Each structure stands twice: as structure tokens, then as C-alpha cells.
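Data first, discussion second: the structure below is written as C-alpha cells.
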Amino acid sequence: MITELSKIRNIGISAHIDSGKTTLTERILFYTKRIHAIHEVKGKDGVGAKMDSMELERERGITIQSAATHCTWNDHHINIIDTPGHVDFTIEVERSLRVLDGAILVLCGVAGVQSQSFTVDRQMRRYHVPRLAFVNKLDRSGANPFKVNQSLKDKLQHNSVMMQIPIGAEDRFEGVVDLVTMRAFIFRGENGEIIDEMDIPANLVDEANKWHEKLLDQASMCSDELTEVMLEGHKPTVAQIKAAIRKGTIELKITPVFMGSAYKNKGVQKLLDGVIDYLPDPTQVKNEGIVINKDGTEGDKITLASDPKRPLVLLGYKLEDGRYGQLTYLRIYQGTIRRDDFIVNMRTRKKSKVARLVRMHSDDMEDIQDASAGDICAIFGLECNSGDTFTSGDEYIAMTSMHVPAPVISLSIKPADSKSETNMSKALQRFTKEDPTFRAGVDQESGETVIQGMGELHLDVYIERMKREYGVNVQVSAPQVAYRETFTQRADYNYTHKKQTGGSGQYGKILGYIEPLAEGDFEFVDDVVGGSVPRQFIPAVEKGFRSMLDKGRKVGFPVVSVRVVLNDGGYHAVDSSDIAFQEAARGAWRETYDKAKPRVLEPMMRVVVEGPAEFSGNVLTTIMQRRGMVIGSSEDGGMARTEAEVPLAEMFGYATTLRSATQGKAEFTMEFSRYVLMPPAIEEELVAKYQEKQKAKK
């Protein structure tokens, strides 16, 4: 079944933790008749929300993996991805936004713009995703959509446009006034399925007119046609207003603001109308690919056409190992894919047959015969990595990659018994393939298995999944922070590698200097003139230096922000080789390391604590005790928000400390901010511990 492109919407639902994303998705599925009963996220019925299909998600009441589904509304086909709110699972949001055409930014009607709202907004901007805002939880005490609209402008710099105003407030909230059609809508019935359309209540007419004028004002900035109509003194039609808002939304010039209470079943149907009216279809979004040359190098950028008749191009944006084997989620950018077709992986050049094509509904699926440009589907048994591009083989194109943040925390794990050992390696193989921010490897010195991730919760979830899904019991060491090493001054090197064995020996001489690099991790500069180092050996010198970056000599962590300059050297007609010059580079690095005054860098986290204002003094104390630096604080309606930068090393166990300092009434979010130089006294302790460890190994 190939759907008309103008009737497809690919949307994501993103927000701060506990803003009601999954609850909203559940209501959308109910009103579009995809499910026949509503279940809550932390449901007493033991069923849990449809989109939280993992047992762990239902127990913890959080979304861990993004889940895809699809539904139909007003004759339009909508693909929806519900994403996690917790920053530890940020890759799920990242890869979802990479393949979506539009998004709904959910905001709590009481708390408004929260810390994770900033992160999600940054991700939407990175991929130029047009969005609607949905102010949720208007049934709660203290809810104020006007204040949330203002904070969208002030905090996120959105040109937000109120599309509705509420009828009733807090526990008396019962519906909305649509500022485009200037009609009132009341939501009734056990599940809010009965909508009464009526004239605007008399007490709201003046306010509705005021906000209607503001809407026309902002919409006219995006449409010459609407401006002309208004200048001529005519009353614009509903179609003209909608066209202007749609244009402004797609161009990222305005953010339409809808409102309701997903939990109380109010306002969701009007939001769905907004998705159809204002978010783009696949033809209205610019999708870029890169031409792959015959030699495997990248060529020019090209814009793909959302056309089912063009050669096939699709992106495998997410992998999942389910009960039927590996499932690859795909976004089709161009062309049409059919069952039994052959597709080619652009990274491996391997050809695969499309044996089974499905459309996902959380953890359920339905088989389909074909899918075309603009659609999202899934294939079984496809051998690939997350982020691989596939084509029919007629064109060699790769989609631009997504942003993958580097892990900041690691744990050593070891299986408790021999049975667990085999299963542990299976689990790690699967998890690292599915999640680019989760990494696993073996520490060369200790022989221990080390897993890395985005935070404590991230690694906790994977350890728990190993136990449940693979029956693996592991012993876990204390968390280890991902430190880095860098240089603070320039140091010259002059090194000769000479080795004489039976037959030809090894000879390579290099001169130059190592210095700090302001931006980037590593830069190699070839300044050799006059052929003192033959051209064919220069890549070997670079390779030798690069091989030393993984492990610094101060505390054993990777070295970053370093520039190596090669400006002279010497060679032997017989004894010089690639190996000799690689060894010369390694020797030069070891000899020069301490002269360049190495220092340790530690990851700083952006920590945002939100809770009652009465505890703000206690919150500040918990931050100061952890070497934190307060960046800003604000108070609003009895709630205080404190933003700080705190070293990750000091953040372990913070949840417990914060709970006891605020009687369990405050919550915090944390995400990686940057690397900074560690205070000398703490660095000395770290160096001493590392040296003791090295001695013990000898």
C-alpha cells in the first residue's frame, strides 16, 4: 500500500522526564483506534502503556527505548516515535530526530521549560526539525499555559504562537478555544472521545479576540498573501491563516502552541489536527546524502527527492534484537522497497534480500508488501550497523550521519560463573550494536571487561537487561570516570630508532615538536622539506603517533587536544621502513611526554536541580560539597531551579544525598558539558593511585 506523500507525517514526541510523552502517545493511539483501551504508564492494571513494551520500562515508569508506531487520522498516515526523556538515553532521541520530519515538544503546564527541554530543543535544531509545542497537564494545580508560552520565548528563544486558550483552569479545565476557527471545544465522556463544538463562552470572547489578533500578527510575518489580505482590510479565511502558520512552522520561524491534559483525555484530538495542518509531509523536508565514489571516498552532497519512482535510498537508523531475530528500523528517503527485493549496504557493499518487511506498532508488527519514500518500516535479518545507508545498487549514496555523544562513565564487569561468560559476550555484542553510546571492551592490562555509557542509569539498565534477557549474573566494580590527558606546553623531540638484527635492520630518525591544540582531539602536521623523511614514510610517522593516543602515561586515559609537527629527520636506503618510522614516532612520544607537562582533564556535568524553594539552601550545599560551581538559579511560584557544573567524579550517589536534603521533593538531571583541567591536589591523588596499581601489576 503506497500512500500519497502529502498525506504522510513522520513525527516524534520528545520532552523532559515525566512531562507525559508516553501518556500522550497512548491517547493518540486510542483516538486513532490503534488501541481499544487506555493503559497508564505506571498502570495499576499491570498492563502498562502500549509504547513501553519492555518489562523494565513498565516497572520503572520510564521510556528506555524509542518505540515506533503508526496510525491514521483524517485520512492521513502518521508514523510516530515516542522517545525517552532521560538524558542517559539521549541517543534514542538523537537517532529518532535524525529520521523524522516534525516533532511535538511536550511541556508540563506547571513546570514549563525544564532542563531536558533545552537538550531536546538543541537536538531538534541540530536536525532542523519543525515542531509544535503541547502544554500538557493543564488539570494540575498551578498550571498556566500563558506562562509556559512566555518561557518558550524567553528560555528557548522560540517565536511561539498560541493556537488555543484554555476553557477553565486546573481541576476545572474542560476544553479549549481554537484561535484559528474562533470556536470552542469541550471534551466529555469517560475517555474524552465526545467533543462538543460551540460558540466561545461570553467570559472568554475578549481574551480570545486579543490572542486571535496576536496569532494573525505573527502568522502574517510568514505569508505575503496573508499580509496583503489584512492590509486591504479583509478578514482572512481559515485556510489562509492555516497556510501561513504551516509555512512559518516548516521554515522554523514559528512554533504553534497547543494545550490540554493527556491524562484527563482533553485536547489530544485538536493536537492531532495540528499535526496534519502544520507539520511537513516528506516532500517539504530537505534530505541530504553524500555521493560515494568508486574508490570508497566521499564525493559531493546531493539533495534526495521524496519520490517513490526514483532509485531507492534508505537509512537503517535503529537496530533491535527481538524475539524473531535482528530487526532494523528504516526510513525510506527515495524510491520504493518491496518484499523479495535486493538492497545493498553502502558501508560493506553487501547485498541482502528483503525477506520480511513489517510496519511496527511498539513491539507488535504487521507484514506489508511494500513501502515507499517518506515512510518508516522495518526489515528482519538485515546484517548492518546502526546508521548504515542502503540503496538498490543503482546509486552509491550515503546519508549524512547522526551525532553520537562520547560515553563519560565506565564499569568493570565480570561474569559470576562460566555459564554467564558466554551469554555475557552475546549480550554485549548485541547491546553495542544496538546503541552507539554503549561501548564494551577488554582492558589490556587487567584483562577485565569494561562497559562505558552515558550515566549510572544507562549502565544500570544494561546490567539489568543482561540479567533478565540473558540470565547473566555479573559482579560490578565501582564506576570509573572517563578522564582524559592533555599537554600544557610545547616540547621538542629528536629521536632515532635504530635496530640491527641478522640481515636488514630498522632505521628511522624524526625531529619536530608536540604542542597543545586549541580545538579538536589530534592534528598531525607535515612540515618536512627537502626529502629528509621520504614521502612514503610520513603516513607511518602519523600512524605511530596516533597509536599512542589511546593511553596516556600519566593516569592511563586517552590523550586529547594535541598537535604533532614533523619538520625533519633522516633515513637509510636499506634499513628504513614503515615499521621503523612507526617505532620512531612511538619512541619520540614516550621520550617527550613528560617534557610537554601533561595534565588530567575531568568531565564536567551540567546539573539542574528543581524543587521547592524552601530547600534551595540545602540544594546549594549539596552542590558546593561536590566541587560544584553554580551557574544560575531562579525561583518561580514556590519552585526553585538551580543550574550548576559539577565534576562527574563527585556525582555518584547524588540522588540519595539530594533526597535526604529535600525530603524527597527535589529532582535533578545531569548531562555532559565539557572537559576541564582537574585541580592539582586531586590530580596528584589520582596519579598516585594509578602508579600504585601499575606497581602491583609488576
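In this chain, residues are counted from 1 in sequence order. Quick caveat: nothing in here was measured; it's all calculated off a predicted structure.
You'll find the side chain of K554 reaches within 4.5 Å of the side chain of V687, heavy atoms only. Contact annotation: the side chain of I379 approaches that of I343 to within less than 4.5 Å [non-hydrogen atoms, C-beta and beyond]. Taking the side chain as every heavy atom from C-beta outward, D101 and R331 approach each other to under 4.5 Å. You'll find the side chain of I451 reaches within 4.5 Å of the side chain of L459, heavy atoms only. Between L686 and V600 there is a side-chain heavy-atom pair separated by less than 4.5 Å. V609 is listed as a side-chain neighbour of L658, based on a closest heavy-atom distance under 4.5 Å. Taking the side chain as every heavy atom from C-beta outward, R641 and V608 approach each other to under 4.5 Å. In this structure the side chain of D460 never reaches within 4.5 angstrom of the side chain of E464, judged on heavy atoms.
Contact check on E434 versus K318 returns no salt bridge, with no Lys/Arg side-chain nitrogen under 4.0 Å from an Asp/Glu carboxylate oxygen. Ionic pairing of E523 and R563 is present here: one or more N-O contacts between side-chain nitrogen and carboxylate oxygen are shorter than 4.0 angstrom. Taking the charged nitrogens against the carboxylate oxygens, E602 and R627 do have a contact shorter than 4.0 Å, which makes a salt bridge. R131 and D121 are joined by a salt bridge, as a carboxylate oxygen and a charged side-chain nitrogen come within less than 4.0 angstrom of each other. For the pair E671 and R122, the salt-bridge criterion is met [side-chain N within less than 4.0 Å of a carboxylate O].
In this structure, R599 contributes its side chain and M678 its backbone to a donor-acceptor pair below 3.5 Å. Within the 3.5 Å criterion, the main-chain N or O of M399 finds a donor-acceptor partner in the side chain of T389. Judged by distance alone, the side chain of S420 and the main-chain N or O of A416 form no donor-acceptor pair under 3.5 Å. Put simply, the side chain of T437 never gets that close to the backbone of M454: no donor and acceptor are under 3.5 Å apart. Under a 3.5 Å cut-off, the side chain of N618 and the backbone N or O of T662 do not form any donor-acceptor pair. A donor-acceptor pair under 3.5 Å is formed between the side chain of N423 and the backbone N or O of Y470.
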Exercise for the section: Would you sort out whether K414 and V474 count as a side chain to side chain contact (heavy atoms under 4.5 Å, CB included), showing the intermediate values? Expected result: CA-CA 5 Å; K414 58 179 179 188; V474 293; over 6 Å; no
Problem - side chain to side chain contact (heavy atoms under 4.5 Å, CB included) between V476 and S412, intermediate numbers included - result: CA-CA 6 Å; V476 180; S412 288; over 6 Å; no
Exercise for the section: Could you give me the CA-CA distance, side-chain angles and deciding distance for L315 and L330, then say whether side chain to side chain contact (heavy atoms under 4.5 Å, CB included) is met? Expected result: CA-CA 5 Å; L315 178 74; L330 303 162; over 6 Å; no
Handout entry: Full working for side chain to side chain contact (heavy atoms under 4.5 Å, CB included) between Y675 and V560
Key = CA-CA 10 Å; Y675 274 97; V560 294; over 6 Å; no
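Between the CD atom of E591 and the CD1 atom of I514 there is a distance of 10.0 Å, given to the nearest 0.5 Å. Going from atom NZ of K426 over to atom CD of E469 covers 13.5 Å, rounded to the nearest 0.5 Å. Atom CE in M605 sits 13.5 Å away from atom OH in Y654 (nearest 0.5 Å). With rounding to the nearest 0.5 Å, the separation of SG in C377 from CG in N79 is 9.0 Å. Between the CE atom of M124 and the OG atom of S14 there is a distance of 4.5 Å, given to the nearest 0.5 Å. With rounding to the nearest 0.5 Å, the separation of CD1 in I11 from CD1 in I13 is 5.0 Å.
Partners of K433 by salt bridge (charged side-chain N to carboxylate O under 4.0 Å, His left out), not counting sequence neighbours, listed by chain and number: E383. The side chain to side chain contact (heavy atoms under 4.5 Å, CB included) search around K155 returns V113, F118, S151, not counting sequence neighbours. Residues meeting the side chain to side chain contact (heavy atoms under 4.5 Å, CB included) test with L620, sequence neighbours left out: V630, T642. Residues satisfying the salt bridge (charged side-chain N to carboxylate O under 4.0 Å, His left out) criterion with E485, sequence neighbours excluded, are absent altogether. Remark: L549 engages F522, R546, V559, V562, W589 in a side chain to side chain contact (heavy atoms under 4.5 Å, CB included) (not counting sequence neighbours). In terms of the salt bridge (charged side-chain N to carboxylate O under 4.0 Å, His left out) criterion, residue partners of R586 (sequence neighbours excluded) are, by chain and number, E583.
Remark: Q489 CD is packed, more than 12 non-hydrogen atoms of other residues, nucleotides or ligands lying under 6.0 Å away. With a 6.0 Å radius and a threshold of 12 heavy atoms from other residues, nucleotides or ligands, E421 has its CD atom at or below the threshold. The number of heavy-atom neighbours closer than 6.0 Å to NZ of K595, taken from other residues, nucleotides and ligands shown, is above 12.
In terms of heavy atoms, F668 sits closest to M651 at CE1-CE, 3.8 Å. Between G316 and T328, the shortest heavy-atom distance links the atoms CA-CG2, 4.0 Å. In terms of heavy atoms, N345 sits closest to C384 at ND2-CB, 3.7 Å. Counting all heavy atoms, side chain and backbone alike, M346 lies closest to T391 at CE-OG1, 3.2 Å. Across all their heavy atoms, L107 and S117 have their closest contact at CD2-OG, 3.9 Å. In terms of heavy-atom proximity, S673 sits nearest to E645 at OG-OE2, 2.8 Å.
Figure legend: R674 and F672 shown without cation-pi pairing, the cationic atom not lying both under 6.0 angstrom from the six-membered ring centre and within 45 degrees of its axis.
Side-chain atoms of S410 and Q480 form no donor-acceptor pair, as typed in the model, at a separation below 3.5 Å. Judged by distance alone, the side chains of R626 and T657 do bring a donor and an acceptor atom under 3.5 Å apart.
Relative orientation of the Y493 and F545 rings is tilted, given thresholds of 30° and 60° on the angle between their planes. Note: Y483 and F557 have perpendicular aromatic rings, judged against thresholds of 30 and 60 degrees for the angle between ring planes.
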